[in-house]
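Have a look at the structure below, then the notes.
Source: prediction; values computed, not measured.
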Amino acid sequence: MNNNIIQKYLQGKASNKEKEQLFNWLDESASNKEEYIEIKKIWALTSREKNVEGKTWSDIKPSESKPAKTKTLQHWLARAAIFLLLISCGAIGSHFFSKTMENESPVYSQMCTIISPAGQITNVKLPDGTLVMLNSGTKIQYSNDFTYGNRELYLEGEAFFDVQKDVEHPFIVNSEFLGVKVYGTSFNIQAYPEDRAFTATLIEGSIGLLNTSGDEVTKLVPGEKAYFAESETRIDIRYVDTEMYTSWKEGLVTYRNERLEDIAKQIERWYNVEIIIQKEGLGDERYFGTILKNKPIDQILEVLKLTTSLEYEIIPRANEPSLIYWK
């Protein structure tokens, strides 16, 4: 592909014939699409130097900027290589394009979905370099134009985020009840839909909590945990031992005065089992202690038995989650 055509297309100056040539080239192979993504990213970064404050490159009229000599792609690549090192860019994700019948312009595929199956922990590196650890039974979704200033995703479940810093493009996590806005930090979010609640624990940096309209309602500082339940009218914020809310990453879960009914829900996610509490009042009993998630489920239940009145029976089922009665 002629690099001049790519440059003209990125500048909005390509003719219909040149656009068609570019789109056909993109459709030929995945490597062509990846090459185009790299060039477009570099072009976007180097063109920022010419931006007028508060406007994008495409908003600037010729009269507002001084004439500049046309630069070769090789010159742009050399400058961008230094620029990329300075801002510590993360890995660039590959995005795939298709042509629309209406305007023959490339569009991004709709969404990328990543699911951590029950009983597993999944590590993910997002296209911007952000590291995410998904707890079992967790799903995240994000648009395939994620790297282009749109660092926004939707979470169902629990995940630990170590966000790649990018001051110009805040990182946003949405859930059913609340969202989080951050510029570069590490934090844990728990937002399983069946719990009808949201918990955010800040480890490092600063995050803002967003309501469902996207408005920031409060901020957290390191060591704070925010909790909101569907049945409540306010967000509860307090200082906590953050390791209690992040130790699951190392296979440890620490409980302090936790109801057995709530622990049962977590065990169901970890081991893909179904628990039925038969004994009246058992679900309201409290447990203090630490559980090793990587142990077999019968060992976990034996640990719970040490300080509670729990008795259990495990019934394996073919093609279905094992059934466990808490007696």
Side-chain angles (χ1 to χ4, degrees), residues 90-91 93 111-142 146 151-164 171-176 178-180 182 185-195 197-205 207 225-227 240-256 258 260-275 287 289-304 314 320-322 324:
M111 296 294 289
C112 177
T113 300
I114 300 174
I115 299 175
S116 181
Q120 297 185 28
I121 292 177
T122 304
N123 293 309
V124 178
K125 186 174 184 180
L126 298 179
D128 69 333
T130 291
L131 302 178
V132 187
M133 183 176 288
L134 307 180
N135 207 342
S136 58
T138 296
K139 177 174 72 174
I140 60 172
Q141 289 182 302
Y142 57 90
F146 190 88
R151 301 203 303 163
E152 187 168 358
L153 60 79
Y154 184 82
L155 168 71
E156 288 185 0
E158 183 173 18
F160 180 85
F161 294 85
D162 188 359
V163 176
Q164 182 75 18
F171 189 96
I172 296 176
V173 180
N174 294 310
S175 74
E176 184 174 358
L178 292 176
V180 167
V182 57
T185 189
S186 57
F187 56 95
N188 193 84
I189 293 180
Q190 187 178 85
Y192 286 100
E194 61 269 25
D195 291 348
F198 172 96
T199 302
T201 307
L202 180 60
I203 313 303
E204 181 182 345
I207 61 176
K225 182 200 76 170
Y227 175 79
V240 296
D241 179 0
T242 58
E243 289 188 3
M244 289 182 56
Y245 299 91
T246 61
S247 59
W248 62 267
K249 301 190 288 91
E250 283 73 45
L252 298 172
V253 180
T254 300
Y255 296 110
R256 295 290 183 268
E258 192 82 17
L260 284 183
E261 183 177 351
D262 296 327
I263 294 176
K265 293 179 182 178
Q266 293 182 323
I267 292 176
E268 286 180 325
R269 295 171 188 144
W270 298 343
Y271 293 97
N272 191 27
V273 297
E274 181 181 349
I275 295 176
Y287 177 74
T290 299
I291 291 177
L292 298 176
K293 286 181 58 179
N294 58 352
K295 296 294 184 181
I297 189 168
D298 58 334
Q299 293 186 26
I300 299 295
L301 297 178
E302 288 296 324
V303 170
L304 293 175
I314 301 177
E320 289 185 82
S322 294
I324 303 178

I'd like to check [X] versus [Y] (side-chain heavy atoms, cut-off strictly below 4.5 Å). Are they in contact?
X: F187; Y: V173; value: yes
X: V180; Y: S175; value: no
X: Q266; Y: Y255; value: yes
X: V132; Y: I114; value: no
X: V253; Y: W270; value: yes

Does [Y] offer a backbone N or O that forms a donor-acceptor pair with the side chain of [X] under 3.5 Å?
X: R256; Y: M244; answer: no
X: T138; Y: E158; answer: yes
X: S186; Y: I203; answer: no
X: E268; Y: I275; answer: yes

Check this for me, if you would: do K295 and E302 make a salt bridge, where the nitrogen-to-carboxylate-oxygen distance has to be below 4.0 angstrom?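 A salt bridge is absent here (no side-chain N lies under 4.0 Å from a carboxylate O).
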Considering all heavy atoms, the nearest [X]-[Y] contact:
X: G137; Y: Y192; answer: O-CE2, 3.5 Å
X: W248; Y: A159; answer: CZ2-C, 4.0 Å
X: T201; Y: K225; answer: OG1-CG, 3.4 Å
X: P321; Y: V273; answer: CB-CA, 3.9 Å
X: T254; Y: S247; answer: N-OG, 4.0 Å

For the residue pair S136 / S116, report whether a side-chain donor-acceptor contact shorter than 3.5 Å exists.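 On atom types as modelled, these side chains do not qualify, holding no pair under 3.5 Å.
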Walk me through it: do F198 and Q190 pass the test side chain to side chain contact (heavy atoms under 4.5 Å, CB included)? CA-CA 6 Å; F198 172 96; Q190 187 178 85; over 6 Å; no
Would you give the length of the straight line joining atom [atom1] of [X] to atom [atom2] of [Y], rounded to the nearest 0.5 angstrom?
X: T246; Y: N135; atom1: OG1; atom2: CG; value: 11.5 Å
X: D162; Y: M133; atom1: CG; atom2: CE; value: 10.0 Å
X: K139; Y: T113; atom1: NZ; atom2: OG1; value: 6.5 Å
X: Y154; Y: Q141; atom1: OH; atom2: CD; value: 8.5 Å
X: I267; Y: D262; atom1: CD1; atom2: CG; value: 11.5 Å
X: L292; Y: L252; atom1: CG; atom2: CG; value: 5.5 Å

Test side chain to side chain contact (heavy atoms under 4.5 Å, CB included) on I291 and L304; report intermediate values, then the result. CA-CA 9 Å; I291 291 177; L304 293 175; 3.9 Å; yes
Quick one: do V303 and Y287 satisfy side chain to side chain contact (heavy atoms under 4.5 Å, CB included)? Show the steps, please. CA-CA 10 Å; V303 170; Y287 177 74; 3.3 Å; yes
Sole residue of I172, T130, L126 in side-chain contact (heavy atoms from CB on, under 4.5 Å) with L153: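 The residue from I172, T130, L126 that satisfies side-chain contact (heavy atoms from CB on, under 4.5 Å) with L153 turns out to be L126.
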Non-neighbouring partners of E320 that pass side chain to side chain contact (heavy atoms under 4.5 Å, CB included), sequence neighbours left out: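 Counting only residues at least two positions away or on another chain, E320 forms a side chain to side chain contact (heavy atoms under 4.5 Å, CB included) with R317.
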